[in-house]
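Written below as C-alpha cells is the structure these notes are about.
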2 protein chains.
Amino acid sequence: MPRNRRPQDRGAKLAEIVDAAVTQFSEVGFEQTSMARIAAAAGVTPNTIYWYVADKDHLLVAALELLLAEALSDLGTMDREPLVEQALWVVDRLRRHKTLVGVVHARSEHSSVVATWHDGFHALMDEMVTSRLARDGVPERQRDATARLTTFAVEGLLAHPTGPGETRAVLELVLGPDRRP
Amino acid sequence: MPRNRRPQDRGAKLAEIVDAAVTQFSEVGFEQTSMARIAAAAGVTPNTIYWYVADKDHLLVAALELLLAEALSDLGTMDREPLVEQALWVVDRLRRHKTLVGVVHARSEHSSVVATWHDGFHALMDEMVTSRLARDGVPERQRDATARLTTFAVEGLLAHPTGPGETRAVLELVLGPDRRP
DNA sequence: ACCTGAACACCGTTCAAGT
DNA sequence: ACCTGAACACCGTTCAAGT
C-alpha cells in the first residue's frame, strides 16, 4: 500500500549521516575523514552514503548548512547585544569547527557546490553586519569595508589560535565602541 | 675520484623539483596536484622526489619558503612606502598563489612541518608590521591588535576575490592615513 | 649517492545485484 | 526505494634493486 516505504525515514537517515559527518569533520578534519569512517559512524556501508549525497563535497556543504543554521538560530537570542559581543560569541561558538574555515577555502577552488555555499555565506555575513552597522549609526561609506573586514577578522581569529584578550582587542579595533560617533 | 658525484647538482635538482611544485600548486591546486604530476613536470619518476623531500607537506613548505623569500626580497624595494601601499602590493603580488592560503590552514592541522612554517610566517608578519607601525607613530597599545588584523585582512583579501577599490578600502580601514594621529 | 620499477595500503566513487 | 559486495582508477609512499 505505501507507495514510498518509510517516507519519514529518508530525512532521518540523511540527518544521521550528516550528523556523523559534522562530528568526524570537526574532530578528525575533512581530509583525514574517509567516507568509510563516516559510514561506520552512521552505521551504513560507504557506498550507501552516495544514495543520499552526490559526493564528499556535497556532504561538506550539508554539514556546513547544519552548523550555520544552528549558529544563526542561537545568535537570534543576542540580537540586541553590541556587535562586538555578537562577533565574539560567533568566534567562540565556531572555534570547535575552526578546521572548516581553511577547508572551505581550499575546496572552493575546485568544487562548485562548496564555492556557491561560500559565496552565499559571505553575502549573508555582509548583509547581517551591514544592517547592524546602519542601526548603530555608522556612516554608509564605511559600512561595506567594515563588514568585509569583520568577516576577515572572524575568519582569521578562527583559523589562528588567539587568547581571549587578543581576540577582543582585534574585534574592538574593527567594531569597537570608539567607532560609534 | 669525486667522492660525491656532481656535488652541485643536488641543489639544482631539488630546485627544479620545488619550482615544478610551485607552478603546479598555484595553477592546479595543492590537492589536485599529484606527486606524479610534479615528477613529470620536473622530468623524474614520482619516487625520485622522495630522495629530496620527506613527503608532500615538506614539498609544500619548500614551495612556500621559495615564494616568501622572493616576495620579501622584492618588498625590500618599497621599504619607505606607506604601510597601506606595501600591504596592497603584497596582496596583488600573492593573488597568483591565493589557493595556498586555505591549503596552509587546512594542512597545518595535521602536518607539523606546515604548522611550524605557518607559525613562523605569522611571527614574521607581526614583527614587520609592528615595527613599521612604531615608526609611523602608532601608540604601542594598538600595535599588536593592528598587526594581527593586518595579517587577517591580507589573508582574507587573498582568499576572496575583491575589486581594487574594495581591497584598498579594507586596508585603509586597518592602516589608513587617519590612523596616524 | 642517486634513481627506478614494482608493489602496498588506501582513497573516493561506480555499478550490477539484491530486497 | 534503498542498500550492499565487489570492483575501478588513483593516490602518497616504500623498498629492493640497479648504477
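Here is how names work: the chains are called A, B, and so on, in the same order as the sequence lines, proteins then strands, and each is numbered from 1. Note that the coordinates shown come from a computational prediction; the quantities given were computed from them, not determined experimentally.
- Taking atom CD of residue B/Q32 and atom P of nucleotide D/dC10, one finds them 15 Å apart after rounding to whole Å.
- Residues B/M35 and B/V28 fall into different hydrophobic clusters, defined by Ile, Leu, Val, Met, Phe, Trp and Tyr side chains chained together at heavy-atom separations under 4.5 Å.
- The nearest whole Å value for the distance from the CD1 atom in A/I17 to the P atom in C/dG12 is 15 Å.
- If you measure from atom CD1 of B/I49 to atom P of D/dT14, you get 13 Å, rounded to the nearest angstrom.
- Within 4.0 Å of B/S34, counting heavy atoms only, lie sugar-phosphate atoms of the nucleic acid but no base atom.
- Considering only side-chain N and O atoms, B/T45 lies nowhere under 4.0 angstrom from the phosphate OP1 or OP2 of C/dC3.
- Remark: C1' of C/dC11 and CZ of A/R37 are 14 Å apart, rounded to the nearest angstrom.
- By the 6.0 Å contact criterion, CZ on A/R135 is enclosed, its count of non-hydrogen atoms from other residues, nucleotides or ligands being greater than 12.
- At a non-hydrogen distance threshold of 4.0 Å, B/D55, B/K56 from residues 55-64 of chain B come into contact with DNA chain D.
- Under the Watson-Crick or G-U wobble criterion, with both distances below 3.5 Å, C/dG18 is paired with D/dC2.
- Sorted by first and then second residue, the salt bridge (Lys or Arg N to Asp or Glu O under 4.0 Å) pairs with a member in residues 103-128 of chain B read A/E31-B/R107, A/K98-B/E109, B/D57-B/R107, B/D126-B/R148; sequence neighbours excluded.
- We find that CH2 of B/W51 is positioned 16 Å from C1' of D/dC15, with the value rounded to whole Å.
- What separates CG of B/L14 from P of C/dA1 is a distance of 17 Å, to the nearest Å.
- One atom, CE of B/M35, and another, P of C/dA9, lie 20 Å apart when rounded to the nearest Å.
- Atom P of nucleotide C/dT13 and atom OH of A/Y50 are separated by 3 Å, given to the nearest angstrom.
- Checked for salt-bridge contact, A/E85 and A/R168 meet the test: a charged N lies under 4.0 Å from a carboxylate O.
- Under a 4.0 Å N-O distance rule, the pair B/D79/B/R132 qualifies as a salt bridge.
- Below 30°, between 30° and 60°, or above 60°: for B/W117 and B/F121 the angle between ring planes is below 30°, a parallel geometry.
- The pairing partner recorded for C/dC11 is none, the criterion being a Watson-Crick or G-U wobble arrangement whose two distances lie under 3.5 angstrom.
- One finds no side-chain N or O of A/K13 lying less than 4.0 angstrom from the OP1 or OP2 phosphate oxygen of D/dA1.
- Taking the ring centroids of A/H105 and B/H105, they lie at or beyond the 6.0 Å cut-off.
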